[in-house]
Student: 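Input: one structure, supplied below.
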Amino acid sequence: MTRTSQTPATIFLKDYKAPTFRITDVQLTVELGEETTRVTSNLSFSRNTDGGQQVRLHGENLTLVSLEVEGREIPPAEYTHTDKDLTFLAPSDQFTARIVTDIRPQDNTELEGLYKSSGNFCTQCEAEGFRKITYFMDRPDVMATFTTTVIGDGSKYPVMLSNGNLDGHGTLKDGRQFFRWVDPHPKPAYLFALVAGDLACVSDEFVTMSGRRIDLKIYVEKGDEDKCAHAMQSLKNSMKWDEEKYGREYDLDIFMIVAVSDFNMGAMENKGLNVFNSKYVLASPETATDADFDGIESVIAHEYFHNWTGNRITCRDWFQLTLKEGLTVFRDQQFSADMNSAAVKRIEDVQRLRAAQFPEDAGPLAHPIQPQSYVEINNFYTATIYEKGAEVIRMIHTLLGEEKFRKGMDLYFDRHDGQAVTTEEFVAALEDGSGVDLTQFRRWYTQPGTPEITVTDQYDPATRRYSLTVRQDNPKAGPKAPPLHIPLSLGLLDDQGHELMEGAAGNMLNLTEHEQTFTFDDIPARPVPSLFRNFSAPVKLGSNPADERLDFLFKNDSDPFNRWEAGQRLATRCLLDMVEKHDSPERPNAPSGTFMDAFAALLTDEDLDPAFRAAAMALPGENYIGQQMPIVAVDAIHEARSASMRSIGTRFEDDLTRIYNQNSGQDNMGCRRLKNVALSYLTATESEDHILLAARQYREATNMTDRVAALGRLVDTDHPEHDAALADFYARWETDQLVIDKWFTLQAMASRPQAMDDVEGLLKHPAFTLLNPNRVRSLIGAFAAGNPVHFHSISGRGYRFLSDRIMELNKTNPQIAARLVSPLGQWRRYSPERQTLMKEALNRILETENLSPHVFEMTNKSLNN
Ligand code: B3K
Ligand code: ZN
């Protein structure tokens, strides 16, 4: 470590101690001001454990005005006060305190605590933001009831919201307006929320399974009211689904969602008052793509489902984060699968896991889903905690089966409602409720790394016995790591493609040893195995079957996930072969014949669901191909993929044109997706006709999905349509920030040679600002994660561009800055020249003055772990 004196402290799970005192009730008054906002907090304390009289409250960036304990003003000599906390002595085992503090939300660019966005006040308290509003025991195992009175200028902030049910509102003698909210459900401070502003409201209602009428309210900036219908419908669907699937009913009289434009992440599940990034609320077909609509549905569901998995039952400490996040992601995945095509949803979930979580788990920031330590908790809202966490819950679901899983969940809710618990308590409830032993399974919580699976098979015609030998290794967890309990869902197919085992779902094998052999009797001829159906475990399958076997599975597997997977593996193999021969005279310029035949079969298979067909037709992305190589051959991969797109487009021009035409003008997501995949192959040929086809689609589009798909094809060309379409798009949508984000992203991901100049130029565009996280993600995030050729340019320009932005953002928004570090942390996977340049970029960051703990932790671990 280069920094010693200011190296931030590491927090360890093993050091967890229950709090000596608890806060059971909070009466909060927040007086909103243009200069100073005053927060008066009346707290009820009671003893929780032995351990002395000292009371320590967290607090950051606060001006302490006064402290009273049991009605007595405490003089400064009787308390200690640092920039992190406030400590005083408890007079007895039960007492009250009144604390007055001043804050300046208008100066808060970190977007944590109370801040202003577009002139409205809003909060973000998870993980440790409440301590930036007032002094408090800001830890999730301290759960209190809250009454919140918001006071302010009613002409500026007519809407004033907080958690719970509305208990009164009116005008004070001095003319200020107040609203009082009561939340009867004890909650940790991270679920506190407050919003005030001049907002429009869209209302609806939901009648729960026990007949209670719930008011549903979505608050948005004025003028956006007509973009809330999909969010509202998604909310009602989520409420109904949670009742039917898990027996969970909503528990307040009102459920509110507020959309804000400056938000560090997607959304936040504050009790009864979810605050959302407007990206996950606002949609109309003209302004949002089909993918945006799906994103809204899943994030609305996710935050709503947190009401039970996260809020009613919360985390004991932040090491348990996956308790609520993995479980809630699993639940939102189930919900989206029920609402849409389950197969396509599963494919997308696995793609996301592979794109973000697998590299994380193989790199310097690898951690188990229950980490043992952290420096800055906000850095631990990772793909591992969320997406791998969801896979772990899914495996429990697979091992228990639907019915026993529900029994386990019922017991979990019964046993722990109102508590702050650990992942161990969760697993124990699932085990007790189902009667299934999860002793070995628990290792998934503590082992980092993606297990690598190798499979060999044998068939003996004399005994009609088939055997599969399966081996698991997890190099990241170390050579002595004990084996995991891995569910392997298996199908065996005969040479006609028929299932040889009961039911199309096949068999579930329990892989519990390092190496295990499973035998199957009465198998008439050598079968083709379909392994890890529906991606039954988050593992890497090492052994690669022959092309013919993949082709066979691609055409015959009854498991749609594995069907798609076989096609992707075939494609990956071809692309890797092209990459390997990049510099040799036998360099192929098209994928193999087997692949082309399989692709041809897709083009005429009209029985397939169009969305599935579109997913199966798309080639694996450059990043995914890179992940399959020990050292990523950035340029060769780009060239191989582009050449493949081109050769497929040329060879199948007629079929692709037919598919394009057949699926044009259909008001159906799947058809749009299929048509736009066809367009991507056609434009890859670079023929003038097809570029003009994209230009026409751009101009004539009636929805954003088609418009953006067409523009995406044009941004990669030098054709005059490139500038024309980009200028038109900007002029058309200039006032819609979410649409302009797409304009930035498309240019950030373009591969044409001058793309890096374009990206640097965009930094100076009047619409660009580092203060808006969506804008940062749309340009800088999209470039670093989605433009491998230019980000990894051997000139080092991409790396310098990113490190410069990280250093700038470190000053205003360290959470967002830290999130941008991870692409550089992958340096070990690149050529020696690139490694040097990437490390140089990381070292520059590490040498920055006043480096935040957020950026320090990510950069330091990226270099040294
Ligand atoms: N729980 C929030 C994430 C909070 C992130 C804090 N840095 C959103 C979610 O997962 O639902
Ligand atoms: Zn969540």
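All of these numbers come straight from a predicted model, not from anything done at the bench. Values reported hereafter were calculated over all heavy atoms of this structure, with side chains retained and with hydrogens, waters and symmetry mates removed. Order of appearance sets the numbers: ligands from 1, and atoms from 1 within every ligand.
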Student: For Ala818 and Asn379, work out which heavy atoms get closest and say how close.
Tutor: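 Closest approach of Ala818 to Asn379: CB-OD1, 3.5 Å.
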
Student: Assess whether ring pair (Phe, Tyr, Trp, His ring centres under 6.0 Å) is satisfied between Tyr16 and Phe319, documenting all intermediate values.
Tutor: CA-CA 10 Å; Tyr16 172 82; Phe319 296 102; 8.9 Å; no

Student: Please confirm whether the ring centroid of Phe206 lies under 6.0 Å from the ring centroid of Tyr250.
Tutor: no

Student: Less than 3.5 Å apart, N/O on ligand 1 and N/O on the protein: could you list those pairs with the distances?
Tutor:
from     : atom 1 : to     : atom 2 : distance (Å)
ligand 1 : 1 (N)  : Glu126 : OE1    : 2.5
ligand 1 : 1 (N)  : Glu269 : OE1    : 2.8
ligand 1 : 1 (N)  : Glu269 : OE2    : 3.4
ligand 1 : 1 (N)  : Lys324 : NZ     : 3.4
ligand 1 : 1 (N)  : Glu325 : OE2    : 3.1
ligand 1 : 7 (N)  : Asn378 : OD1    : 2.6
ligand 1 : 10 (O) : His302 : NE2    : 3.4
ligand 1 : 10 (O) : Glu325 : OE1    : 2.9
ligand 1 : 10 (O) : Glu325 : OE2    : 3.0
ligand 1 : 10 (O) : Tyr386 : OH     : 2.4
ligand 1 : 11 (O) : Glu269 : OE1    : 3.2
ligand 1 : 11 (O) : His302 : NE2    : 3.1
ligand 1 : 11 (O) : Glu303 : OE1    : 2.8
ligand 1 : 11 (O) : Glu303 : OE2    : 3.0
ligand 1 : 11 (O) : His306 : NE2    : 3.2

Student: Which is the closest N/O/S atom of His302 when seen from the Zn ion (ligand 2)?
Tutor: NE2

Student: Is it true that Phe263 and Phe276 have ring centroids separated by less than 6.0 Å?
Tutor: no

Student: Is there a donor in the side chain of Ser373 and an acceptor in the side chain of Thr10, or the other way round, less than 3.5 Å apart?
Tutor: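 Short answer, no.
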
Student: Are Phe255 and Tyr304 close enough that their ring centres sit under 6.0 Å apart?
Tutor: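 Yes, the ring centres sit under 6.0 Å apart.
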
Student: Cut-off 3.5 Å, side chains only: do Asn270 and Asn163 have a donor facing an acceptor?
Tutor: no

Student: What N/O/S atom of Glu325 gets nearest to the Zn ion (ligand 2)?
Tutor: OE1

